[in-house]
Amino acid sequence: CVTICEFDWDIFETSWDFQHHPLLRKVPTSVEAFDQWQTECDDRFNQLKANEEELNRIFIDIYGLQDELTPEVDDKDVTVRKADLRRDIGSLISYAVGCMFGRYSLDTPGLAYAGGEWDATKYFSFIPDKDNVIPITDARYLDDDIVELFIKWLTVVYGKETLEENLDFMAKALGTKGTDSRDIIRNYFLKDFFKDHCAAYSVTGSGKRPIYWLFDSGKQNGFKALIYMHRYHADTIGRVRVSYLHRIQEKYENEVRAIDTMTLHMTDQRQIAIEEKRKEKLLKQIAEVKEYDEKLDHLAAEKIEIDLDDGVKVNYEKVQTDRDGMKYQILAPIK
């Protein structure tokens with residue numbers, strides 16, 4: 001039990017003695033951190049496999065089962081797992097998001113906040129997001145979007161000098177499409193992060209139980225934003241709407257106007273076609289955002305409270321249901 005409980009952090013705090021993410025090390029790059037972690041995992045794996053095989057030999061010798069059993073153990077049957085680059089980088093990103101929300105702290109071991117009274121003294125290396133709303137956009141529209149916060153977090157953890165190296169390493173590990181490392185990481189947050197989070201925070205037989213909730217306007221990716229369930233309050237939906245949704249809508253509308261102005265003076269038909277395609281996408285996003293705004297407006301007026309003791313499933317539905325029992329889908333669907 002010591003091997004599993006103390007060392008094998010499995011993307012969220014199922015470890016009894018969970019203190020911090022295993023890739024948080026006093027090294028300048030995530031490459032070095034992963035290499036050290038991989039070596040530790042391999043050593044533990046090989047030691048545990050050797051121990052289990054030795055126990056099998058003792059058992060076989062005691063009961064005279066040499067003709068019926070062999071002491072060898074298949075790798076798949078060893079009860080501690082090896083390092084996995086894609087999974088472990090994904091879990092590091094999840095931990096970083098936890099730091100953004102204050103669930104974790106670079107200065108406090110274990111869980112820093114999971115409800116109750118907020119203690120700001122637990123955070124000084126990296127300060128959590130003040131209003132518990134982190135937007136996810138398909139381009140860099142806001143200075144406080146999730147990619148910008150992640151870059152700040154990486155800089156604190158590994159240093160400014162190795163930032164680009166760390167971004168490149170993580171982008172390659174994620175395997176998401178994109179034109180550069182920042183674009184790849186942005187696409188990961190946009191398309192895959194919440195899926196990975198739901199897969200990690202799931203209960204066998206009962207479904208997904210995410211603690212980071214995704215406000216999602218729809219398939220056009222017009223608006224997405226994460227909040228931390230444990231910091232939700234009755235004004236959260238209104239804040240999402242006024243402070244973020246409306247800002248994003250304004251950015252889209254400004255970009256459409258900029259495209260119209262720019263194409264008036266362009267002669268390159270290929271470039272004009274590219275800009276018109278971008279405008280078409282923006283118009284679809286604006287339409288989606290306006291429809292979504294109506295849902296948020298209605299639910300924001302409800303001032304919905306939640307009770308953490310009711311659990312994720314009940315509260316996830318509660319914040320999307322008005323007092324008359326009408327459901328308004330404002331969060332990404334989960335099963």
Side-chain angles (χ1 to χ4, degrees), residues 90 93-94 97-98 100-101 129 131-142 144-150 174 176-178 183 185-202 207-233 235-252 281-302 304 306 312-322 326-335:
I93 292 174
S94 178
V97 172
M100 295 175 200
F101 284 124
D129 185 72
D131 62 6
N132 189 40
V133 182
I134 303 178
I136 305 173
T137 57
D138 63 1
R140 189 180 183 277
Y141 290 110
L142 305 172
D144 57 349
D145 75 5
I146 199 164
V147 176
E148 296 306 308
L149 288 180
F150 181 61
L174 292 173
T176 314
K177 293 182 179 179
D183 193 38
I185 292 170
R186 184 175 296 280
N187 284 333
Y188 171 74
F189 278 121
L190 195 68
K191 300 174 182 178
D192 296 328
F193 174 82
F194 189 68
K195 289 190 293 185
D196 286 354
H197 177 63
C198 286
Y201 284 77
S202 62
K208 302 167 183 175
R209 298 293 185 271
I211 58 169
Y212 308 138
W213 291 356
L214 181 64
F215 282 77
D216 187 357
S217 63
K219 64 181 181 179
Q220 299 298 330
N221 294 323
F223 181 80
K224 292 182 187 289
L226 288 171
I227 67 164
Y228 179 28
M229 169 186 169
H230 294 74
R231 289 179 61 190
Y232 173 92
H233 56 77
D235 294 325
T236 295
I237 297 175
R239 181 175 294 276
V240 169
R241 175 177 178 259
V242 174
S243 299
Y244 293 92
L245 182 71
H246 289 174
R247 285 168 65 196
I248 290 297
Q249 180 179 339
E250 184 180 5
K251 295 286 186 181
Y252 292 157
K281 178 183 178 181
L282 287 164
L283 291 174
K284 289 179 180 178
Q285 289 179 312
I286 291 170
E288 182 179 88
V289 162
K290 287 182 176 179
E291 183 179 344
Y292 189 64
D293 183 49
E294 294 178 6
K295 298 178 184 178
L296 290 186
D297 185 28
H298 180 75
L299 291 175
E302 298 281 297
I304 300 168
I306 69 171
V312 174
K313 187 174 182 180
V314 170
N315 286 314
Y316 206 81
E317 294 304 312
K318 186 176 182 180
V319 301
Q320 301 183 89
T321 308
D322 70 11
M326 183 70 70
K327 173 76 177 288
Y328 293 81
Q329 188 78 52
I330 61 171
L331 301 178
I334 61 171
K335 295 182 180 179

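Quick note: residue numbers are just sequence positions, from 1. No experiment lies behind these values; they were computed from the predicted model shown.
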Next item on the list: Start with the C-alpha gap between Leu245 and Val289, add the side-chain angles, then the distance that decides, and say whether side chain to side chain contact (heavy atoms under 4.5 Å, CB included) holds.
Entry: CA-CA 7 Å; Leu245 182 71; Val289 162; 3.5 Å; yes
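- Between Tyr252 and Tyr141, a ring centre-to-centre spacing shorter than 6.0 Å is recorded.
- Using a 4.0 Å cut-off between charged side-chain N and carboxylate O, Arg186 and Asp183 make no salt bridge.
- By the 4.5 Å heavy-atom criterion applied to side chains, Leu174 and Asp192 are not counted as neighbours.
- The CD atom of Gln285 lies 14.5 Å from the NZ atom of Lys251; values are rounded to the nearest 0.5 Å.
- Between the side chain of Asn315 and the backbone N or O of Lys318 there is no donor-acceptor pair closer than 3.5 Å.
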Note to self: Run the side chain to side chain contact (heavy atoms under 4.5 Å, CB included) test on Asp322 and Met326 for me, step by step, so that the C-alpha distance in whole Å, both residues' side-chain angles and the decisive distance to 0.1 Å come before the verdict.
What the structure shows: CA-CA 5 Å; Asp322 70 11; Met326 183 70 70; 3.4 Å; yes
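- Rounding to the nearest 0.5 Å places CG of Leu149 at 6.0 Å from CG of Asp129.
- Taking 4.5 Å as the limit, some side-chain heavy atom of Val97 sits within range of a side-chain heavy atom of Phe193.
- Panel note: side chain Glu288, backbone Gly222; a donor-acceptor pair is recorded below 3.5 Å.
- Atom-to-atom distance recorded for Leu296:CG and Tyr244:OH is 14.0 Å, nearest 0.5 angstrom.
- Nearest heavy atom pair, residue Val312 against residue Pro210, reads CG1-O, 3.3 Å.
- Proximity of a side-chain donor or acceptor of Arg247 to a complementary backbone N or O of Ser243 within less than 3.5 Å is detected.
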Note to self: Working note: Phe189 + Ile93, criterion side chain to side chain contact (heavy atoms under 4.5 Å, CB included); need CA distance, chi angles, decisive distance, verdict.
What the structure shows: CA-CA 9 Å; Phe189 278 121; Ile93 292 174; 3.5 Å; yes
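- When side chains are defined from C-beta on, Lys281 counts as touching Asp138, because their heavy atoms get closer than 4.5 Å.
- The shortest distance between side-chain heavy atoms of Val240 and Ile330 does not fall below 4.5 Å.
- For the pair Phe101/Ile134, a side-chain contact is recorded, criterion being any heavy-atom separation below 4.5 Å from C-beta on.
- Taking a 6.0 Å sphere around CD of Glu250, one finds it holds 12 or fewer heavy atoms contributed by other residues, nucleotides or ligands.
- In this structure, CG on Asp293 lies 3.5 Å from NE2 on His246, to the nearest 0.5 angstrom.
- Counting heavy atoms from C-beta outward, Met100 and Ile146 have side chains that approach closer than 4.5 Å.
- Within the 4.5 Å cutoff, the side chain of Phe194 has no heavy atoms near those of the Ile136 side chain.
- A side-chain donor-acceptor contact under 3.5 Å links Gln320 to the backbone of Tyr316.
- Residues Asn187 and Gly178 approach most closely at ND2-CA, 3.9 Å, considering heavy atoms.
- Residue pairs satisfying the salt bridge (charged side-chain N to carboxylate O under 4.0 Å, His left out) criterion with at least one member in residues 211-230, sequence neighbours excluded, are listed as follows: Asp216-Lys224.
- The CG atom of Asn132 sits 9.5 Å away from atom CG of Leu226, with the distance rounded to the nearest 0.5 Å.
- The two residues Gln329 and Lys295 make their nearest non-hydrogen contact at O-NZ, 3.6 Å.
- A salt bridge between Arg140 and Asp145 is absent, with no side-chain N of the basic residue lying under 4.0 Å from a carboxylate O of the acidic one.
- A distance of 7.0 Å separates OH of Tyr232 from CD1 of Ile227, quoted to the nearest 0.5 Å.
- Contact check for Ile211 versus His197: side-chain heavy atoms found under the 4.5 Å cut-off.
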